[in-house]
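Reviewing the structure listed below.
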Amino acid sequence: MEKVVTRFPPSPTGHLHIGGARTALFNWLFARNKKGKFILRIEDTDIQRSSEEMTKSILEAMEWLGLLWDEGPYFQSKRLDIYNHHIDLLVEQGKAYYCKCTKEEVEEMRKRAREKGEKPKYDGRCRELGLGPGPGRVVRFKTPLEGETVFNDLLKGPIAVNNKELDDFVLRREDGMPTYNLAVVVDDATMGITHILRGDDHINNTPKQILLYEALEYPIPQFGHVPMILGPDKKKLSKRHGAKSVLEYRELGYLPEALLNYLVRLGWSYKDQEIFTLDEMIEKFSIERLSNSACVFDPEKLKWVNSQHIKKKSPKELAIILKNYLAKDGFTVKDLGYLEKIVPLLQPRSTTMVEMAEKARFFVKKDQEIEYPKELIDKFLKPDVVTHLKELTNRFERLNNFDQKTLENVVGSYLEQKNIKFKLIAQPIRICITGQTTSPGLFETMEVLGKDRTVNRLKRALSFAEK
RNA sequence: GUCCCCAUCGUCUAGUUCGGCCCAGGACGCCGGCCUCUCACGUCGGUAACAGGGGUUCAAAUCCCCUUGGGGACGCCA
């Protein structure tokens, strides 16, 4: 069987956003699943709007996501000769022609067509004029006047479009640059793309492109049009909806595999499974299980998926990631081993890495940097409590083992001895060692902090209470 | 306006290929219980849908048609 070759062709006119990432993911997954090839191609024929900065941003996002390509990135702006060659060929063969109409004239045609209740189209007035090249002239494709163009969509089944619906679209612009439809076809054909998975807003382009494949006598690839992602108002997802770029999600503390997991489930399913590792996604992905209706992006579920992946990931890996997020907040931690001990306590409590970094602060702060708001001291460190905590601190100080079990025993026997409830001293201790009212379990927190920090912080907090 | 695509809980979806196992299952969210040193996690339970109308059939969420609704495309953007 023929080897599968897929591609992702972003245009560098903006950052890689959620929709694009999902399209890339589907193509990547399909290629990996079929042991095929995945190509990255930058569609920068619109020189006005394309920028190198966006190209860099897109590549960075792809790399961060782990959607690595086997070939490329190719740049359309570096392949102009190839496009021109194809366009000239079409003109020579009478399959395309030069058109002298101005943009204004074409606009007028469309306006009139619309007024007549027809589809706005170029009317083909230069079609048989036999014009040659010249300033201000474009090259248009001679779209068949009759018949229909049919293709079998991988998701939607047979789609037929009457050629009358199409007009003689532009292949080469006034400035000599090829248009999208020409460039994609030439690229996909010459790069040997076998399967094209893209948003279903491209369905209308497909017949035009098929006509070009036929005119150029290239084999036609398989097309699969995946439903679009909609905003909460069910309109096409856009910046207005707060549609964020992939890189923004990184800033917000999402794990790449979690983003990918959420995205793959948006329009694809595998029975009742919600959480997938990358390998599972590759193994289980199939075009047949893609859905064919548009879906709404749900940030709440993304959060949940992220929290699930945070729970799943090894503390060792998370420690490295956490270190970077802490650094962004100005906390430089050199001891990865310490972070690795902190992480397991924070995993069940963090939805994002940003959240984890926030919760990790009191662990990594120096003892003297812990702040104790007056209200907390007044509320929790009443004189009788202070007496208990002082005694407990003494007992802690004498310990050789500072593990959870030992601490539990020490505190347990103290409670029994004094006949008091744990509730009486739990929050006060927490305040002393963390400076806050919420934290992971007390004993595990103390163990991770270690004896020195725990005792120092207790003493320091108690000294504030006595003032 | 014209053409194209789509249609199961608020949202993501299973079920539709080969109609019966579905008075529709899972997940997010939300509500309540349990767990509990705080916050979470976890766990148990609840909430909520086959857009409407016609057919076909012994039997339809599943097949057909219509209506309605939603989305998309109509660029010398991609």
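We name chains A, B, ... by the order of the sequence lines, and we start the count at 1 in each one. Because only heavy atoms are used, hydrogens play no part in the values below, and waters and symmetry mates are left out as well, while side chains stay in.
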- Query: Is there a residue in residues 341-348 of chain A whose heavy atoms reach under 4.0 Å of RNA chain B, and which residues are they?
  - Reply: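 Heavy-atom cutoff 4.0 Å gives A:P348.
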- Item | Matching residue for A:R172 among A:V138, A:L182, A:N84, A:T179 - test: side chain to side chain contact (heavy atoms under 4.5 Å, CB included) |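 Considering A:V138, A:L182, A:N84, A:T179, a side chain to side chain contact (heavy atoms under 4.5 Å, CB included) with A:R172 is found only for A:N84.
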For atom [atom1], what is the distance between [N] and [M], given to the nearest Å?
N	M	atom1	value
B:A7	B:U17	P	14 Å
B:C6	B:C23	P	28 Å
B:C50	B:A14	C1'	13 Å
B:U2	B:G10	C1'	34 Å
B:U68	B:G53	P	15 Å
B:C9	B:G15	C1'	14 Å
B:G20	B:G42	C1'	39 Å
B:C41	B:C30	P	10 Å

- Considering the options A:W268, A:Y254, A:F297, which one meets the ring-ring contact (aromatic ring centres under 6.0 Å, His included) requirement together with A:Y262?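 With A:Y262 as partner, A:W268, A:Y254, A:F297 yield a single ring-ring contact (aromatic ring centres under 6.0 Å, His included), made by A:F297.
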What is the nucleic acid contact for [X], judged by heavy atoms within less than 4.0 Å: base, sugar-phosphate only, or nothing?
X	value
A:P440	base
A:D175	nothing
A:S439	base
A:Q308	sugar-phosphate
A:H202	base
A:R110	sugar-phosphate
A:E174	base
A:C99	nothing
A:K311	sugar-phosphate
A:T45	sugar-phosphate

- Query: Donor-acceptor pair under 3.5 Å: do we get one between A:R349's side chain and the base of B:C39?
  - Reply: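 Flag set: donor-acceptor pair detected.
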- Polar pair under 3.5 Å, donor/acceptor by atom type, side chain A:N205, base B:A73: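 No, no donor-acceptor pair under 3.5 Å.
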- Item | Ring centre gap for A:H195 and A:F26 strictly below 6.0 Å |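 Here the rings of A:F26 and A:H195 have centres that are no less than 6.0 Å from each other.
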Measure [atom1]/[X] against [atom2]/[N] and give the value in whole Å, please.
X	N	atom1	atom2	answer
A:L212	B:A78	CG	P	14 Å
A:E300	B:C28	CD	P	12 Å
A:E104	B:G75	CD	C1'	13 Å
A:Q436	B:A40	CD	P	14 Å
A:N261	B:A27	CG	P	15 Å
A:R430	B:A40	CZ	C1'	11 Å
A:Y180	B:C74	OH	P	11 Å
A:E444	B:U36	CD	P	15 Å

Which one is paired to [N], where only Watson-Crick or G-U wobble pairs with both distances under 3.5 angstrom count?
N	answer
B:C41	none
B:A7	B:U68
B:U17	none
B:C23	none
B:C63	B:G55
B:C50	none
B:A73	B:U2
B:U36	none

- Take the angle between the ring planes of A:F443 and A:F422 and call it parallel below 30°, perpendicular above 60°, tilted in between.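 A:F443 and A:F422: parallel rings.
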- Query: What orientation do A:Y180 and A:H202 show, parallel under 30°, tilted 30 to 60°, or perpendicular over 60°?
  - Reply: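 It falls in the tilted class, 30° to 60°.
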- Message: Testing the basics here: between A:E43 and A:P12, what is the closest heavy-atom pair and its distance to 0.1 Å?
- Response: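 Minimum heavy-atom separation between A:E43 and A:P12: O-CD, 3.3 Å.
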- Message: Nearest 0.5 Å, please: how far is CG in A:L302 from CG in A:L263?
- Response: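 Those atoms lie 7.5 Å apart.
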- Task: Drop me the distance from A:L197's CG to A:F30's CZ, to the nearest 0.5 angstrom.
- Result: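 Reported to 0.5 Å precision, the distance equals 7.0 Å.
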- Message: Under a 3.5 Å threshold, yes or no: a donor from one side chain and an acceptor from the other, between A:R430 and A:Q427?
- Response: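 Side-chain D/A pair, A:R430 to A:Q427: present.
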- Taking for each residue the nucleotide of RNA chain B bearing the nearest heavy atom, is the 5' side occupied by A:R172 or by A:W304?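 Its nearest nucleotide being more 5', the pick is A:W304.
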- Item | 5' priority, RNA chain B, between A:F422 and A:K103 [closest heavy atom] |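 The residue mapped nearer the 5' terminus is A:F422.
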- Task: Please assess A:N306 against A:T351 for the test side-chain hydrogen bond (donor to acceptor under 3.5 Å, both in side chains), listing each intermediate value before the final yes or no.
- Result: CA-CA 6 Å; A:N306 200 48; A:T351 300; over 6 Å; no
- Task: Among the candidates B:C3, B:G75, B:C76, find the nucleotide nearest to the side-chain atoms of A:T179.
- Result: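 For A:T179, the side-chain atoms sit closest to B:C76.
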- Among B:C37, B:A40, B:U2, find the nucleotide with the atom closest to the side chain of A:E165.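 The answer is B:U2, which lies nearest to the side chain.
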- Message: Is B:C34 syn or anti, taking syn as a glycosidic angle within 90° of 0?
- Response: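 Anti.
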- Query: With a distance cut-off below 6.0 Å to the six-membered ring centre and an angular limit of 45° from the axis, does A:K208 pair with A:F169 as a cation-pi contact?
  - Reply: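 Yes, a cation-pi geometry holds between A:K208 and A:F169.
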- Query: Can a cation-pi geometry be assigned to A:R395 and A:Y414, taking NZ or CZ under 6.0 Å from the six-membered ring centre and within 45° of the ring axis?
  - Reply: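 Not satisfied by the 6.0 Å and 45° rule.
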- Item | Footprint string (nucleotides 5-21 of chain B, 5' to 3'): B base within contact, S backbone only, - free, heavy atoms under 4.0 Å | SSS---SBSSS------
- Quickly, which of A:R127, A:R125, A:K142 forms a salt bridge (Lys or Arg N to Asp or Glu O under 4.0 Å) with A:D168? Name it, please.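 Result: among A:R127, A:R125, A:K142, A:R127 is the only option passing the salt bridge (Lys or Arg N to Asp or Glu O under 4.0 Å) with A:D168.
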- Message: Set out, in order, the CA-CA distance, both residues' side-chain angles and the distance that settles salt bridge (Lys or Arg N to Asp or Glu O under 4.0 Å) for A:K301 and A:E274, then state yes or no.
- Response: CA-CA 10 Å; A:K301 187 146 186 180; A:E274 298 283 352; 3.1 Å; yes
